There are 2 protein chains.
Amino acid sequence: MAHAARFVDMDWTDASCPVARTLDLVGDRWILLIVRDAMDGARSFSDFQHRTGIARNILSDRLRRLLERGVLDRQPAPSGRRQLYVLTDAGRDLFAVIVAMRQWGERHAFGPGESHSVLVGESGLPLAELRPTDSRGSTATVDTTTVVRED
Amino acid sequence: MAHAARFVDMDWTDASCPVARTLDLVGDRWILLIVRDAMDGARSFSDFQHRTGIARNILSDRLRRLLERGVLDRQPAPSGRRQLYVLTDAGRDLFAVIVAMRQWGERHAFGPGESHSVLVGESGLPLAELRPTDSRGSTATVDTTTVVRED
DNA sequence: GCGATCAGTTGCATTTTGCTACCAACTGGA
DNA sequence: TCCAGTTGGTAGCAAAATGCAACTGATCGC
């Protein structure tokens, strides 16, 4: 299936801006918490319900949207009747977004005395800080970048 | 002002998770579009209103929240009565989050024939892809990382 | 069969949005 | 000076989204 086929009927907040499209697709508190938990091993309806504490009807709605939008996929569980929700490649690709949010939260949403969970790599050490870079490898910031609108 | 002072009265969805705290602070469609526009030069109430198309009462509310949460700061405009909203350091630090969302959108929210705006560095070329890495510099993915909860 | 668990759906009250109108302060021009 | 236009909001109300609790079925262990 082509990317676009799924989104023909979407009416985007700002169709030409990838940030706005991303927000239209996954820019919802619960959706991103569901994705976070899926990345951390949650698979079943009640996994997500217990971890997030979300209301069951809302969870049901969000899982449906995530299936429609190609972020999650359904799989019959190997034993038993239970269905599992697993991340698609597009869903797994949200990793950078979740990491960016995690790192911002670590820097700006905790006081000196407060502890928080940590995302670690295979070495057991925390990840390096995400650093946007331009095409030549030097650090890019708000001040060194511009949005160029399409023709 | 200490980080924590501003957030003493917040009741977090999941206090120990930086992702959840970030979502509690800025995990809102309109808030992130406002931040996007602030990064692209928007400063006044009506700049934001025109660019996003948001309802004025909601914009008013979101700007107030962003001030409270230390993402935006108010400055009296040099000439005239107009106030300007400018990003704080914490706000500017959301750059990586916005870039991550932009890149995900470019990869997964556009069909082959559709064009979109592009974020370019000083060279005029698009930024490189954000790549989460572990402490040794090798690529980190969903499969090679784990969340370790605090003690 | 019987209770427990899982995966939802339904109904209803509360909250949040979004629209439209309104208002007050200032600005520029005739 | 007067008047229109712009800026930065607030107020009121209808529509949509959310959250809670109860209910439904299907299955699993015993």
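Computed from heavy atoms alone, side chains included, the values below leave out hydrogens, waters and symmetry copies. As the structure is a prediction and not an experimental result, all values here were calculated from the model. Per chain, numbering begins at 1; letters A, B, ... match sequence-line order.
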Pairwise distance CG(B/D37) to CG(B/L32) - rounded to 0.5 angstrom: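 Here the rounded value is 11.0 Å.
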note: A/L63, atom CG; C/dG8, atom P; distance rounded to Å ~ 7 Å
Rounded interatomic separation in angstrom, taking CD from B/Q83 and P from C/dA24: 19 Å
Please write out which residues are connected to B/L125 in a hydrophobic cluster, directly or through intermediates, given that two of Ile, Leu, Val, Met, Phe, Trp, Tyr count as joined at side-chain heavy-atom separations below 4.5 angstrom.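 Result for B/L125 is none, singleton.
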Protein proximity profile, nucleotides 10-20 of chain C - base contact B, sugar-phosphate-only contact S, no contact -, cut-off 4.0 Å on heavy atoms: BB-----SBB-
Looking at [X] and [Y], does any basic side-chain N land under 4.0 Å from a carboxylate oxygen?
X     : Y     : value
B/D61 : B/R65 : yes
A/D14 : A/R21 : no
A/D28 : B/R29 : no

Tell me, which of residues 39-49 of chain A have any heavy atom that sits under 4.0 Å from an atom in DNA chain C?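 Contacts with DNA chain C under 4.0 Å: A/S44, A/F45, A/S46.
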Checking side-chain contact (heavy atoms from CB on, under 4.5 Å) for the pair B/R56/B/F45: CA distance, chi angles, key distance, verdict? CA-CA 9 Å; B/R56 302 154 73 73; B/F45 189 91; 4.3 Å; yes
Donor-acceptor pair between B/R136 and A/S123 side chains, under 3.5 angstrom: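 No - no donor-acceptor pair under 3.5 Å links their side chains.
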For D/dT7 and B/Y85 - does any side-chain N or O of the residue sit under 4.0 Å from the phosphate oxygens OP1/OP2?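 For D/dT7, neither OP1 nor OP2 has a side-chain N or O of B/Y85 closer than 4.0 Å.
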Has A/D89 got more than 12 heavy atoms of other residues, nucleotides or ligands less than 6.0 Å from its CG?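 Result for CG/A/D89: open.
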